[in-house]
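First comes the structure, then the notes that go with it.
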Amino acid sequence: MGGDPLRAPHDWLDHDAGPVVRPYAMTQGRVAPSGGEFDLVAFVVATMAEATPSPSLHPEHHAIVGAAWEPTPIVELASKLDLSLGVVRVLLGDLRSAGLISLYEPPAASQPHDVDVLKAVVNGLRAL
């Protein structure tokens, strides 16, 4: 590798894209959201105009709060911010614990499936 010997190449720096941060660094190694799981089609809504500066909040936390002024599904939020779903889930758990967002799950996602309805669907498909 040629180049300037005073500027050693780093694995964490991509000269075209800028600094590269691994997902586990953004979540501090956590893989599950605090406060329990939630459905990925749940809607996220920011509850405060702007997250107050806090040493525990990262730029990604602020980006989520800024992007969630209108109800937005979690999967769409991850896509908008170009973050993995796992990272977004963990960061949303932090924001929910801090009271900066609210999560609203669709009723169908939070209620168990009605067995009679599922049987009717299977019977209808068999009749085709």
Side-chain angles (χ1 to χ4, degrees):
M1 288 183 125
D4 188 354
L6 297 176
R7 292 185 59 193
H10 298 284
D11 291 337
W12 52 266
L13 183 63
D14 180 336
H15 292 286
D16 294 328
V20 178
V21 179
R22 299 284 182 222
Y24 57 82
M26 284 185 248
T27 63
Q28 299 168 345
R30 297 170 296 150
V31 294
S34 60
E37 296 290 329
F38 40 81
D39 197 332
L40 295 178
V41 296
F43 286 86
V44 178
V45 180
T47 59
M48 300 181 79
E50 181 63 33
T52 55
S54 168
S56 63
L57 293 181
H58 300 291
E60 293 80 15
H61 287 108
H62 293 282
I64 290 171
V65 171
W69 278 113
E70 294 183 5
T72 307
I74 293 171
V75 293
E76 187 176 324
L77 191 62
S79 176
K80 277 184 187 178
L81 299 175
D82 196 27
L83 294 171
S84 72
L85 278 170
V87 168
V88 171
R89 285 176 43 239
V90 172
L91 298 178
L92 286 173
D94 297 343
L95 292 170
R96 180 175 55 182
S97 296
L100 297 173
I101 60 159
S102 293
L103 291 168
Y104 300 98
E105 292 191 26
S110 60
Q111 297 174 356
H113 298 289
D114 186 358
V115 175
D116 293 332
V117 172
L118 293 175
K119 285 181 183 179
V121 170
V122 169
N123 290 336
L125 289 172
R126 286 184 181 153
L128 294 176

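Note that these values count all heavy atoms, side chains included, but never hydrogens, waters or copies made by symmetry. In this chain, numbering begins with 1 at the start of the sequence shown.
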Using the side chain to side chain contact (heavy atoms under 4.5 Å, CB included) rule, take Glu60 and Val88 through it: C-alpha gap first, then chi angles, then the decisive distance, then the call. CA-CA 9 Å; Glu60 293 80 15; Val88 171; over 6 Å; no
Is there a side chain to side chain contact (heavy atoms under 4.5 Å, CB included) between Leu57 and His62 once you walk through the steps? CA-CA 7 Å; Leu57 293 181; His62 293 282; 3.9 Å; yes
Which of these passes side chain to side chain contact (heavy atoms under 4.5 Å, CB included) with Val121: Asn123, Leu118, Leu125?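 Exactly one option meets the side chain to side chain contact (heavy atoms under 4.5 Å, CB included) with Val121, and it is Leu125.
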May I ask you to decide if Val44's main-chain N or O and Ser102's side chain share a donor-acceptor pair within less than 3.5 Å?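 Checked: no pair found.
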According to a 4.5 Å side-chain heavy-atom criterion applied to Ile, Leu, Val, Met, Phe, Trp and Tyr, with indirect links allowed, do [X] and [Y] form part of one hydrophobic cluster?
X: Val75; Y: Ile101; result: yes
X: Leu85; Y: Leu92; result: yes
X: Phe43; Y: Val65; result: no

Which residues pass the side chain to side chain contact (heavy atoms under 4.5 Å, CB included) test with Ala98, sequence neighbours left out?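 With sequence neighbours excluded, Ala98 shows a side chain to side chain contact (heavy atoms under 4.5 Å, CB included) to Leu100, given in chain and number order.
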Counterpart residues, side chain to side chain contact (heavy atoms under 4.5 Å, CB included), relative to Ser97 (two or more places apart):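 Ser34.
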[X] side, atom [atom1]; [Y] side, atom [atom2] - distance, nearest 0.5 Å:
X: Leu77; Y: Leu83; atom1: CG; atom2: CG; result: 8.5 Å
X: Leu40; Y: Glu105; atom1: CG; atom2: CD; result: 9.5 Å
X: Tyr104; Y: Asp39; atom1: OH; atom2: CG; result: 16.0 Å
X: Ile64; Y: His58; atom1: CD1; atom2: NE2; result: 11.0 Å

Please determine whether side chain to side chain contact (heavy atoms under 4.5 Å, CB included) holds for the pair Glu70 and Val45, giving the CA-CA distance in whole Å, both sets of side-chain angles, and the decisive distance to 0.1 Å. CA-CA 6 Å; Glu70 294 183 5; Val45 180; over 6 Å; no
Does any part of the side chain of Val41, heavy atoms only, come nearer than 4.5 Å to the side chain of Pro73, both counted from C-beta?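 A side-chain contact is absent here, since even the closest heavy-atom pair is not under 4.5 Å.
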Does the side chain of Ile74 reach to within under 4.5 Å of the side chain of Leu103, using non-hydrogen atoms?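 Yes, their side chains come closer than 4.5 Å.
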